[in-house]
Amino acid sequence: MAANWKMYKTPDQTRDFFRDFLPLVSGHTRDEIVVCPPFLDLPAALEAAKGSNVSIGGQNVHWKEEGAFTGETSAALLLALGVTHVIIGHSERRQYFGETDDTVNLRLKTALEAGLIPICCVGEVLEEREAGLTDDVLRRQCVRAFHAISAKKAAKLIIAYEPVWAIGTGKTATPELAAEAHAVIRTEATEIFGEEFAANLRILYGGSVKPENATTLISQEEIDGALVGGASLDPKSFTAIVKY
Ligand code: 13P
């Protein structure tokens, strides 16, 4: 159960969130819980979550070890802080910041090599869904993102299916639509990494997940968890989703 805070909250607001959230989920062992705040909130989040059952993730990582890359963040920097997870290839990165399947591939390789747990996002835009291209798009995104990565290297990989038309729009994929897309991704993962890998692969659903729809979505056999944007900013609503 992962929270993507996007560009919300200051360090003080981060501390407030954890003060309220941690008691609500302490003792919850059924799911792994990850919160991905903006980079500048990471120290506050890590400090607040220390010793708890909540892990902290970044929202992006550069593929180079270090160098003249103004504004970028390396895997080493994330690891030095104590970050364990990282979101890669979010549709907002693809839409607004020039992220491509190839740069997703570079970031994934680096994250896996460094020992970070990547949450790799895939998903179609509305025009692609309406043109009946959803399966092709998901397959292409997977093939390119996982190019030249072995099943052994990819062992910790988590995939998030986030239909772009459902992000921040209040429109949720129906549980059936989401499950169908997850099945396409799992089949593609079988082709690329093999059956055993695909059987153990966790695929999260993201896109307007709320306390009211979490149960019907996540109780789908194919859906292993959620990547939550807006509804993860409030401790009570994220808790309701975590404990669906
Ligand atoms: P919302 O839950 O706000 O639709 O965002 C989903 C998302 O993009 C999570 O990464």
Side-chain angles (χ1 to χ4, degrees), residues 1-9 13-14 17 21 31-39 41-42 45 54-61 73 78 83-97 99 103-104 107-108 111 116-126 128-129 134 137-138 141-142 145 157-175 177-179 181-182 185 202-218 220 223-244:
M1 308 302 283
N4 174 11
W5 282 2
K6 309 191 178 185
M7 200 171 71
Y8 290 100
K9 291 195 192 292
Q13 292 168 333
T14 299
F17 174 92
F21 179 62
D31 307 281
E32 243 174 73
I33 307 170
V34 185
V35 174
C36 305
F39 285 124
D41 293 329
L42 286 171
V54 178
S55 305
I56 304 300
Q59 295 179 12
N60 196 11
V61 63
T73 301
L78 293 174
V83 168
T84 49
H85 293 66
V86 66
I87 297 171
I88 292 176
H90 191 277
S91 67
E92 286 147 19
R93 302 291 325 163
R94 295 177 190 255
Q95 201 177 344
Y96 306 125
F97 302 102
E99 187 83 79
T103 53
V104 169
R107 291 183 210 281
L108 268 179
L116 286 164
I117 302 172
I119 303 174
C120 179
C121 303
V122 295
E124 80 287 0
V125 301
L126 186 62
E128 291 164 337
R129 172 156 290 275
T134 300
V137 169
L138 295 177
Q141 288 176 336
C142 289
L157 172 71
I158 297 169
I159 299 180
Y161 169 60
E162 298 209 315
V164 179
W165 47 270
I167 296 178
T169 57
K171 283 187 204 155
T172 321
T174 61
L177 275 190
H182 282 221
I185 294 166
R202 287 173 296 174
I203 308 178
L204 314 181
Y205 169 80
S208 298
V209 177
K210 308 274 177 246
E212 306 79 58
N213 59 25
T215 305
T216 42
L217 282 163
I218 307 167
Q220 292 282 319
I223 301 180
D224 302 313
L227 178 56
V228 187
S232 73
L233 295 169
D234 174 71
K236 285 202 189 100
S237 91
F238 189 44
T239 300
I241 294 170
V242 167
K243 294 188 170 175
Y244 71 91

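The basis for the numbers below is simple: all heavy atoms, side chains too, and nothing from hydrogens, waters or symmetry mates. For ligands, and for the atoms within them, numbers begin at 1 and follow the listed sequence.
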TODO: Using distance alone, decide if ligand 1 has a nitrogen or oxygen within less than 3.5 Å of any nitrogen or oxygen in Gly168.
DONE: yes

Open item on the list: Only heavy atoms of Lys6, strictly under 4.0 Å: list the atoms of ligand 1 that pass.
Closed with: 5 (O), 6 (C), 7 (C), 8 (O)

- [ ] Would you mind running through ligand 1 and noting each atom that sits below 4.0 Å from a heavy atom of Gly229?
- [x] 1 (P), 2 (O), 3 (O), 5 (O), 6 (C), 9 (C)

Task: Straight-line distance of Ile223 CD1 to Ile218 CD1, nearest 0.5 Å - done: 7.5 Å

Open item on the list: Side chain, backbone, both or neither: which applies to Asn4 and ligand 1 if a contact is any heavy-atom pair less than 4.0 Å apart?
Closed with: side chain

TODO: Could you check whether the rings of Tyr205 and Tyr161 sit parallel, tilted or perpendicular, using 30° and 60° as the cut-offs?
DONE: tilted

Task: For Gly230, the ligand 1 atoms whose distance to one of its heavy atoms is below 4.0 Å - done: 1 (P), 2 (O), 3 (O)

Open item on the list: Among all the protein's non-hydrogen atoms, which is closest to atom 7 (C) of ligand 1, and how far away is it?
Closed with: Glu162 OE2, 3.2 Å

Open item on the list: With a heavy-atom distance limit of 4.0 Å, tell me whether Ala166 approaches ligand 1 through its side chain, its backbone, both, or neither.
Closed with: backbone

Task: Atoms in ligand 1 flagged as close to Leu227, the criterion being non-hydrogen separation under 4.0 Å - done: 9 (C), 10 (O)

Open item on the list: Checking the side chain of Arg94 only, and the main-chain atoms of Gly89 only, is there a donor and an acceptor separated by less than 3.5 Å?
Closed with: yes

- [ ] For Ser208, counting its heavy atoms only, list the atoms of ligand 1 lying under 4.0 Å from any of them.
- [x] 1 (P), 2 (O), 4 (O)

- [ ] Ignoring angles and geometry beyond distance, decide whether Lys210 reaches within less than 3.5 Å of ligand 1 through its nitrogen or oxygen atoms.
- [x] no

Open item on the list: As an exercise, identify every atom of ligand 1 less than 4.0 angstrom from a heavy atom of Gly207.
Closed with: 4 (O), 6 (C)

Task: Partners meeting salt bridge (charged side-chain N to carboxylate O under 4.0 Å, His left out) with Glu128 (sequence neighbours left out) - done: none

